[in-house]
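Quick notes on the structure that follows.
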Amino acid sequence: MKDEIYRINQDLPNIRALDQTAEIQQWMESVIRRINYYKDEHIAILKEATTLLELALWKANLDEKEEDSFGERETKRAKFDTTSEKNEGRITSGARTFCLFSN
């Protein structure tokens with residue numbers, strides 16, 4: 001791009017005065033075309049980067065929610081699987097009432 005910008009300074013001294021205006025206009029159109037090309041490329045790269053960033057943030061948010069819900073599940077299990085409830089279930093086979101019969 002720098003070469004294209006500096007090219008006009010090298011070419012103008014060798015061009016007739018009547019043709020210099022047309023040469024400058026052609027040079028300006030060439031530079032503007034290249035600027036627009038690079039601008040479009042830049043926009044495309046930014047769109048792709050924005051999409052990747054949105055997906056990464058979405059995934060991070062999902063992972064965070066999953067960790068939170070996983071932690072809640074562990075807490076619920078821990079409350080359910082306390083040792084006293086486990087032992088009581090083993091001894092009584094899960095029965096909540098007892099009946100004693102005497103012989």
Side-chain angles (χ1 to χ4, degrees):
M1 188 68 185
K2 285 182 181 180
D3 293 339
E4 183 67 23
I5 292 172
Y6 293 126
R7 182 183 63 82
I8 194 69
N9 291 331
Q10 295 169 354
D11 291 345
L12 275 181
N14 302 328
I15 299 174
R16 292 185 324 160
L18 296 174
D19 296 332
Q20 284 184 352
T21 303
E23 184 67 25
I24 291 171
Q25 286 175 340
Q26 281 182 335
W27 173 81
M28 287 175 55
E29 289 171 4
S30 170
V31 169
I32 289 171
R33 268 194 313 273
R34 285 191 181 198
I35 289 172
N36 286 334
Y37 169 78
Y38 288 120
K39 186 174 84 172
D40 292 342
E41 286 291 312
H42 181 73
I43 289 171
I45 290 169
L46 282 177
K47 283 182 180 179
E48 183 179 345
T50 302
T51 302
L52 288 173
L53 179 61
E54 286 176 3
L55 288 171
L57 291 172
W58 178 70
K59 184 178 181 325
N61 191 18
L62 283 179
D63 290 344
E64 186 177 298
K65 286 181 181 180
E66 186 177 285
E67 284 177 9
D68 289 346
S69 66
F70 184 69
E72 288 174 9
R73 273 189 249 137
E74 282 184 359
T75 305
K76 289 178 184 176
R77 272 193 210 138
K79 287 179 184 175
F80 181 74
D81 290 339
T82 59
T83 54
S84 62
E85 287 183 14
K86 272 186 178 179
N87 289 335
E88 182 182 339
R90 287 185 189 137
I91 295 169
T92 62
S93 299
R96 295 281 180 208
T97 56
F98 298 95
C99 297
L100 291 176
F101 297 102
S102 57
N103 289 342

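- Rounding to the nearest 0.5 angstrom, the gap separating the CD1 atom in Ile32 from the CH2 atom in Trp27 is 9.0 Å.
- Here the CD-CG distance, from Gln10 to Asp3, works out to 8.0 Å after rounding to the nearest 0.5 Å.
- With side-chain heavy atoms closer than 4.5 Å counting as contact, directly or through intermediates, Tyr6 stands alone and belongs to no larger hydrophobic cluster.
- Counting only residues at least two apart or in different chains, salt bridge (Lys or Arg N to Asp or Glu O under 4.0 Å) contacts with residues 34-54 are absent.
- Scanning for side chain to side chain donor-acceptor pair (under 3.5 Å) contacts around Asp63 gives Lys59, with sequence neighbours left out.
- Residue Leu46 holds its CG atom at 10.5 Å from OG1 of Thr51, rounded to the nearest 0.5 Å.
- One hydrophobic cluster, built from ILVMFWY side chains closer than 4.5 Å, holds both Val31 and Tyr37.
- Among residue pairs with one or both ends in residues 13-26, those qualifying as salt bridge (Lys or Arg N to Asp or Glu O under 4.0 Å) are Arg7-Glu23, Arg16-Asp19; sequence neighbours excluded.
- Distance check: His42 NE2 to Asn36 CG gives 13.5 Å after rounding to the nearest 0.5 Å.
- No chain of hydrophobic side-chain contacts below 4.5 Å, direct or via other Ile, Leu, Val, Met, Phe, Trp or Tyr residues, connects Ile24 to Ile15.
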